[in-house]
Every structure is written in structure tokens, then in C-alpha cells.
K.L.:
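Got a structure here, written out as C-alpha cells. Questions coming.
Numbering starts at 1 and runs along the sequence shown.
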Amino acid sequence: QVQLVESGGGSVQPGGSLRLSCAASGSIFRVNVMGWYRQAPGKQRELVAAITSGGPTNYADSVQGRFTISRDNAKNTVYLQMNSLKPEDTAVYYCKASVLERGRITPRDYWGQGTQVTVSS
């Protein structure tokens, strides 16, 4: 089994910054793509940013230029640096990882428990 533990959410004023972290642990052989999703009340969950084990990234248009995703492969950890936050960024942020576990042939997707980000004056 694999666990994803997120941290770093909270409340911030518009224009502020937050940094989210998500650490994967358990019976891990390799972590492939890691990403951040978010879900606002009444809306569908959407991709915010993703990063492969080799480094290429992709971002939602709404966060391009404001958010930066990075990872530490040695720690199986992914980060999301969020700058210039706007009220519309308010949501529960979820970490997702595609993990190849020891003894398995195909990877499985795992989700974190979610962390609340609130942007309000």
C-alpha cells in the first residue's frame, strides 16, 4: 500500500503565497507522474499542474505563470508553490501520484486526503 500525505494549506489574502507539499510513502518501487488537482464547492475536480519523474511539467491555463510544481524524487515528494493567489483559487487541493509498487507490474493511482486553500480578504 501507498500513502500520500499533504501539508501546507491554509488561508491567505489575495496576492499572497502558499506552498503545498505531498509525500508518498509505502511499498514504492517508482513514482511516475505526480500532480495537483483542486475542487471548489459545486465544481468538478480539475488538474492544476503535473510533473513527470524526468521533470517535464504542464499547468492549467488559469495558474500558468503563478504556480510552480516541482518534485524531489529521492523523497517521493511533490511541491506546489502558489504565488499571486486569487479568490478563485479557493478550493480543496488534492495530490495524485501514479505509483509502481514493489512486486507489481502496472502502476496504480493514489490520492491524498486533500488540503484546504482559502484566498480571501
Side-chain angles (χ1 to χ4, degrees):
Q1 272 289 355
V2 173
Q3 299 80 39
L4 299 183
V5 178
E6 302 158 355
S7 61
S11 296
V12 65
Q13 292 186 340
S17 298
L18 284 174
R19 188 187 192 218
L20 306 183
S21 299
C22 172
S25 63
S27 183
I28 298 171
F29 178 75
R30 184 179 67 243
V31 181
N32 299 323
V33 177
M34 302 186 82
W36 289 95
Y37 291 71
R38 66 187 181 187
Q39 187 166 18
K43 295 187 176 181
Q44 289 188 329
R45 191 173 297 188
E46 61 175 1
L47 173 68
V48 176
I51 183 169
T52 69
S53 58
T57 60
N58 69 287
Y59 296 91
D61 289 344
S62 59
V63 306
Q64 184 77 44
R66 299 187 298 122
F67 290 11
T68 302
I69 189 170
S70 61
R71 65 189 283 172
D72 184 333
N73 289 331
K75 296 181 179 179
N76 291 325
T77 299
V78 64
Y79 307 96
L80 186 68
Q81 177 66 43
M82 305 185 292
N83 299 329
S84 302
L85 282 160
K86 304 175 181 180
E88 50 263 44
D89 294 318
T90 296
V92 178
Y93 283 70
Y94 296 91
C95 172
K96 179 184 175 183
S98 173
V99 180
L100 180 60
E101 297 168 74
R102 293 190 180 93
R104 292 190 178 270
I105 298 174
T106 56
R108 297 171 65 182
D109 288 341
Y110 287 90
W111 289 89
Q113 79 282 4
T115 185
Q116 177 69 46
V117 171
T118 302
V119 185
S120 174
S121 55

K.L.:
Without placing hydrogens or testing angles, list every side-chain donor-acceptor pair under 3.5 Å for residues 69-79, not counting sequence neighbours.
P.N.:
unit_1	atom_1	unit_2	atom_2	d
Arg71	NE	Asn73	OD1	2.6
Arg71	NH1	Asn32	O	2.6
Arg71	NH1	Ile51	O	3.2
Arg71	NH1	Thr52	O	3.3
Arg71	NH2	Val31	O	3.1
Arg71	NH2	Asn32	O	3.2
Arg71	NH2	Asn73	OD1	3.3
Asp72	OD1	Ala74	N	3.1
Asp72	OD1	Lys75	N	3.3
Asn73	ND2	Ser53	O	3.0
Thr77	OG1	Lys75	O	2.9

K.L.:
For a quick test of reading the model, state the closest non-hydrogen atom pair linking Ser121 to Pro14 and the distance between them.
P.N.:
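Minimum heavy-atom separation between Ser121 and Pro14: N-CD, 3.7 Å.
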K.L.:
OG1/Thr106 to CG/Leu100 distance, rounded to the nearest 0.5 angstrom?
P.N.:
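Answer for the OG1-CG pair, Thr106 versus Leu100, is 7.5 Å.
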K.L.:
Could you list the residues that satisfy side-chain hydrogen bond (donor to acceptor under 3.5 Å, both in side chains) with Asp89, not counting sequence neighbours?
P.N.:
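Listed in chain order: Arg38, Arg66.
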K.L.:
Say you draw a straight line from CG of Leu47 to CH2 of Trp36; how long is it, rounded to the nearest 0.5 Å?
P.N.:
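It comes to 12.5 Å.
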K.L.:
Which heavy atom of Val92 sits nearest to which heavy atom of Gly114, and what is that distance?
P.N.:
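Smallest interatomic distance, heavy atoms only, reads CG1-CA, 3.9 Å.
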K.L.:
Answer yes if Tyr94 and Tyr110 sit in the same cluster of Ile, Leu, Val, Met, Phe, Trp and Tyr residues linked by side chain heavy atoms under 4.5 Å apart, and no otherwise.
P.N.:
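Hydrophobic grouping puts Tyr94 apart from Tyr110.
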K.L.:
Do you know which two heavy atoms are closest between Cys22 and Leu4, and how far apart they sit?
P.N.:
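The answer is SG-CB, 3.9 Å.
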K.L.:
Just how far is it from atom CD of Gln39 to atom CD of Glu46, taken to the nearest 0.5 Å?
P.N.:
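Separation between the atoms: 9.5 Å.
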K.L.:
Could you work out, with side-chain hydrogen bond (donor to acceptor under 3.5 Å, both in side chains) as the rule, every residue matching Thr57, not counting sequence neighbours?
P.N.:
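Expected list: none.
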K.L.:
Give a yes or no on whether Met34 and Tyr59 share a hydrophobic cluster (residues Ile, Leu, Val, Met, Phe, Trp, Tyr; joining criterion: side-chain heavy atoms under 4.5 Å apart).
P.N.:
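The answer is yes; both residues are in one hydrophobic cluster.
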K.L.:
Indicate yes or no: at least one non-hydrogen side-chain atom of Phe29 is less than 4.5 angstrom from one of Val99.
P.N.:
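With C-beta onward as the side chain, the pair stays apart.
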K.L.:
Just by modelled atom types, is the Tyr93 backbone N or O under 3.5 Å from a matching donor or acceptor in the Thr115 side chain?
P.N.:
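No; judged by distance alone, with no hydrogens or angles, the pair does not exist.
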K.L.:
Please identify each residue that fulfils side-chain hydrogen bond (donor to acceptor under 3.5 Å, both in side chains) with Gln81, with sequence neighbours left out.
P.N.:
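With neighbours one apart ignored, the set is Asn83.
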K.L.:
Determine whether a donor-acceptor pair (N or O, by modelled atom type, separation under 3.5 Å) exists between the side chain of Glu6 and the backbone of Cys95.
P.N.:
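Yes, because the side chain of Glu6 sits within donor-acceptor range (under 3.5 Å) of the backbone of Cys95.
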K.L.:
Decide side chain to side chain contact (heavy atoms under 4.5 Å, CB included) for Phe67 and Leu18; before the verdict, give the C-alpha distance in whole Å, the side-chain angles of both, and the deciding distance to 0.1 Å.
P.N.:
CA-CA 10 Å; Phe67 290 11; Leu18 284 174; over 6 Å; no
K.L.:
Counting only heavy atoms from other residues, nucleotides and ligands, does the tally under 6.0 Å from CD of Glu88 exceed 12?
P.N.:
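Yes, because the 6.0 Å sphere around CD of Glu88 holds more than 12 heavy atoms from other groups.
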K.L.:
Which pairs pass salt bridge (charged side-chain N to carboxylate O under 4.0 Å, His left out) with one or both residues in residues 101-110, sequence neighbours excluded?
P.N.:
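Residue pairs with at least one partner in residues 101-110: Lys96-Asp109, Glu101-Arg104, Glu101-Arg108.
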K.L.:
Looking only at heavy atoms, what is the nearest atom pair of Ser17 and Val12, with distance?
P.N.:
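What the structure gives for the nearest pair is N-CG2, 3.9 Å.
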K.L.:
Using the test ring-ring contact (aromatic ring centres under 6.0 Å, His included), find all partners of Tyr37 that sit at least two apart in sequence or belong to another chain.
P.N.:
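Checked Tyr37 against ring-ring contact (aromatic ring centres under 6.0 Å, His included); matches are Trp111.
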K.L.:
Would you give the length of the straight line joining atom CD of Gln1 to atom OG of Ser25, rounded to the nearest 0.5 angstrom?
P.N.:
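Rounded to the nearest 0.5 Å, the CD-OG separation comes to 10.5 Å.
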K.L.:
Working to the nearest 0.5 angstrom, can you tell me the gap between Thr90 OG1 and Gln116 CD?
P.N.:
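Answer for the OG1-CD pair, Thr90 versus Gln116, is 7.0 Å.
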